[in-house]
Amino acid sequence: MSGVDTRHVPRDSLFLLASLRLDGDAAEHRVKVRNLSAGGMMAEGDVRVERGARLSVDLRNVGWVDGTVAWVQDKRFGIAFAEEIDASRVRAQVASPDAGTPRFTKPASIMPLHGAVDPSRLRKL
């Protein structure tokens, strides 16, 4: 963790859940990700951490990222990542974008297949 002030670095406010493991402890804790940047994040949860503690956090679409607790205030704390991440990957959808919406969630009446319905056979209401 460097002594450089990074409060000016752009970060996104969001609400995601992530798993967190403290070094030397196999237990996983669920935390809320309140904001995220390439160099760190703000988390909130019932896990007790101290400034300087080393940990790993499992971020969606990125995986486990090592970091250090930069600050603590009540149930919120800042994590400085050991290496920068691509924060846009965390915000991206989990499923591949070309997967589309599953067929069972699409009402058939919204978009029938082109040419599949003969308008003369439809009943007038």
Side-chain angles (χ1 to χ4, degrees):
M1 177 171 53
S2 71
V4 177
D5 182 6
T6 59
R7 287 178 287 182
H8 68 283
V9 174
R11 57 186 49 89
D12 291 329
S13 292
L14 59 139
F15 180 79
L16 296 172
L17 291 176
S19 294
L20 179 135
R21 281 192 305 232
L22 297 168
D23 271 6
D25 186 4
E28 289 188 15
H29 307 274
R30 297 295 281 175
V31 295
K32 298 171 187 169
V33 179
R34 292 295 186 179
N35 66 45
L36 179 71
S37 70
M41 62 180 262
M42 178 173 56
E44 180 179 4
D46 289 327
V47 59
R48 297 188 56 74
V49 296
E50 293 180 2
R51 187 170 185 256
R54 298 184 56 89
L55 50 76
S56 297
V57 62
D58 187 16
L59 297 173
R60 179 176 76 182
N61 295 328
V62 173
W64 288 97
V65 179
D66 293 329
T68 305
V69 176
W71 56 268
V72 179
Q73 185 176 27
D74 300 322
K75 291 185 176 189
R76 293 184 179 200
F77 52 97
I79 299 172
F81 298 143
E83 295 183 23
E84 287 193 353
I85 64 162
D86 181 356
S88 64
R89 288 182 56 198
V90 178
R91 292 184 300 276
Q93 294 180 5
V94 176
S96 62
D98 58 353
T101 305
R103 176 74 178 126
F104 63 85
T105 63
K106 296 179 188 175
S109 62
I110 292 178
M111 288 277 294
L113 297 175
H114 182 68
V117 178
D118 179 5
S120 65
R121 297 193 58 184
L122 294 176
R123 186 174 62 140
K124 305 283 188 217
L125 296 177

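Numbering starts at 1 and runs along the sequence shown.
The shortest side-chain heavy-atom distance between K32 and L17 falls under the 4.5 Å cut-off. Here the side chains of W71 and M42 are in contact, with some heavy-atom distance below 4.5 Å. When side chains are defined from C-beta on, R30 counts as touching S19, because their heavy atoms get closer than 4.5 Å. A 4.5 Å side-chain heavy-atom check between N61 and V90 finds every atom pair outside the cut-off.
Minimum heavy-atom separation, V72 to R51: CG2-N, 3.9 Å. Of all heavy-atom pairs spanning I85 and V62, the tightest one is CG2-CG1, 4.4 Å. For the pair R91 and A87, the tightest heavy-atom approach, listed with the atom from each and the gap, is NH1-O, 3.2 Å. For A27 against H29, the heavy-atom pair with the smallest separation is O-CD2, 3.9 Å.
Within the 3.5 Å criterion, the main-chain N or O of A82 finds no donor-acceptor partner in the side chain of D66. No side-chain donor-acceptor contact under 3.5 Å links D74 to the backbone of R76. The main-chain N or O of A26 is never found under 3.5 Å from a side-chain atom of R21 such that the two would form a donor-acceptor pair.
Heavy-atom neighbours of D23 CG from other residues, nucleotides or ligands within 6.0 Å: above the threshold of 12. Within 6.0 Å of CZ in R54 there are 12 or fewer heavy atoms belonging to other residues, nucleotides or ligands.
Linking ILVMFWY side-chain heavy atoms closer than 4.5 Å, directly or via other members, places F81 and V33 in a single hydrophobic cluster. Both L16 and V47 are part of a single hydrophobic cluster, where members link through side-chain heavy atoms under 4.5 Å apart.
Between I79 and the options T68, L20, V31, a side-chain contact (heavy atoms from CB on, under 4.5 Å) holds for only L20.
In this structure, the separation between CG on L36 and OG on S88 is 9.5 Å, given to the nearest 0.5 Å. The distance from atom CZ of R89 to atom CG of L59, rounded to the nearest 0.5 Å, is 10.5 Å.
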